[in-house]
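Beneath this line is the structure, given in structure tokens, with notes to follow.
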2 protein chains.
Amino acid sequence: MALTREKILDTAFEVLRQFGLADLSMRRLATELGVAPGALYYHVKNKQELLTHLASRMLHRVLVASSRRGRAGTGKLAIICGELYTQLMPVKESAEVIRLAIALHPQEQGPGHLDLLDILESEFKPLCGSSAGLAASSLLHLALSLIEEEQTRALLTGAAPASDPPASYISALEHLIKGFTVSPSTPPGY
Amino acid sequence: MALTREKILDTAFEVLRQFGLADLSMRRLATELGVAPGALYYHVKNKQELLTHLASRMLHRVLVASSRRGRAGTGKLAIICGELYTQLMPVKESAEVIRLAIALHPQEQGPGHLDLLDILESEFKPLCGSSAGLAASSLLHLALSLIEEEQTRALLTGAAPASDPPASYISALEHLIKGFTVSPSTPPGY
DNA sequence: ACCTGAACACCGTTCAAGT
DNA sequence: ACCTGAACACCGTTCAAGT
């Protein structure tokens, strides 16, 4: 029965998934856990830290789901982008939570967005060399922005979001990847 | 002395610029204007509408500044991206405010982000035809994300932000533009 | 160590009533 | 028409005091 950081994160995730960011307050979380608001602060420094942990958790799931879906090097970027969409889309405003977390602490943190950025960067390395870092963060930024746009569209219309990434999402990310890919010095005719 | 929507927006902009989004509350705005909180609601529907108007205003300034800087068609995209950075950077969390406004009402509104998107799209038309719309929104999304990242970095370090766009910002956007640009059917050798 | 009770300093929004 | 006063239903965070 004891309150635990994991249990707080579990219910936080569930509240976010079902009701969105506006309903994810410390007080709401406390009542949901049958506990006084102040109790949360024994397990979590503040709301921002909680959101950061929540974001790490969600990105970690994306990574796990991606690694289950393929081992090949070439299609790895596409797989991760796809899983980003399918994992995040059903959780209301998850893209915003993740962008908040990325913005608020650009360099630190264990599992989460740095893991993802590292993997993206290593996938970009053979494609564009020294620009791989910039390419990785650009890809993540654009993917999250497009997902966020799609999520708010779904919130406004009230419709259930499409579970598969739309063509425009895939197309935009492919164009970005292409833009960062350095063309081989020997043209394809040779 | 009469309270007016313009006057509210003026002080809202000033509060945002100096103190950031966390300090931009309806109550703070009211005291800053020497007025009761409820008085604001006679001129503005709610806080969200206020933020939307504020975003439109800032994007409009970007457009005005861009049109003063050049008439040529080819470098127009670069000019707008540059003005986005230099105009938004000094206003704390302005990129977030604009993204919020874009997310919250994707289709409507008079001056503001639709004007900007239309112009970006018309600039992309000769470069990539039917993908111009997607290219335009991708470019805006990425630019705002990068600016937002830079702004929060500046907030955390407390340092004054660089007034000129950093090389990584320019490089990332150029790669994106390149990725959307369809290569001419006749290779450059001919 | 872990949690409650209660407070502090705030929010956005509404609405009768005043002028 | 425009604004005040006062309320309603909330926030995040802290901290003595209890167990």
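All figures in this text were calculated on a predicted structure; none of them were measured in a lab. Worth knowing before you read on, the calculation uses all heavy atoms, side chains too, and leaves out hydrogens, waters and symmetry mates.
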Heavy-atom pair of closest approach, residues A:A101 and A:T52: CB-CA, 4.0 Å

Minimum side-chain heavy-atom gap A:S138-A:F180 below 4.5 Å: yes

Nearest-Å distance once atom P is located in both C:dA9 and D:dA9: 23 Å

B:L88 and B:L84, any side-chain heavy atoms less than 4.5 Å apart: yes

Short side-chain N/O contact from A:H43 to OP1 or OP2 of C:dA1, under 4.0 Å: no

NZ/NE/NH1/NH2 to OD/OE distance under 4.0 Å, A:R68 and A:E83: no

A:V35 side chain, from C-beta outward: closest of C:dC3, C:dA1, D:dC2: C:dC3

Separation of atom CG in A:L3 from atom C1' in C:dC3, rounded to whole Å: 9 Å

Gap between atoms CG and P, on A:D23 and D:dA9 respectively (whole Å): 17 Å

Letter per nucleotide, 5' to 3', of nucleotides 12-19 of chain D [B base touched, S only sugar-phosphate touched, - untouched; heavy atoms, 4.0 Å]: BBB-----

Watson-Crick or G-U stems of DNA chain D, 3 or more pairs, under 3.5 Å, by first number: C:4-8 with D:12-16, C:12-16 with D:4-8

Side-chain H-bond candidate by donor/acceptor type, A:E148 with B:H141, under 3.5 Å: no

Sidechain N-carboxylate O distance under 4.0 Å for B:D23, B:K92: no

Rounded interatomic separation in angstrom, taking CG from B:L33 and C1' from D:dT4: 15 Å

Heavy-atom side-chain contact between A:C81 and A:L139 under 4.5 Å: yes

Side chain to side chain, B:R5 and B:H53, heavy atoms closer than 4.5 Å: yes

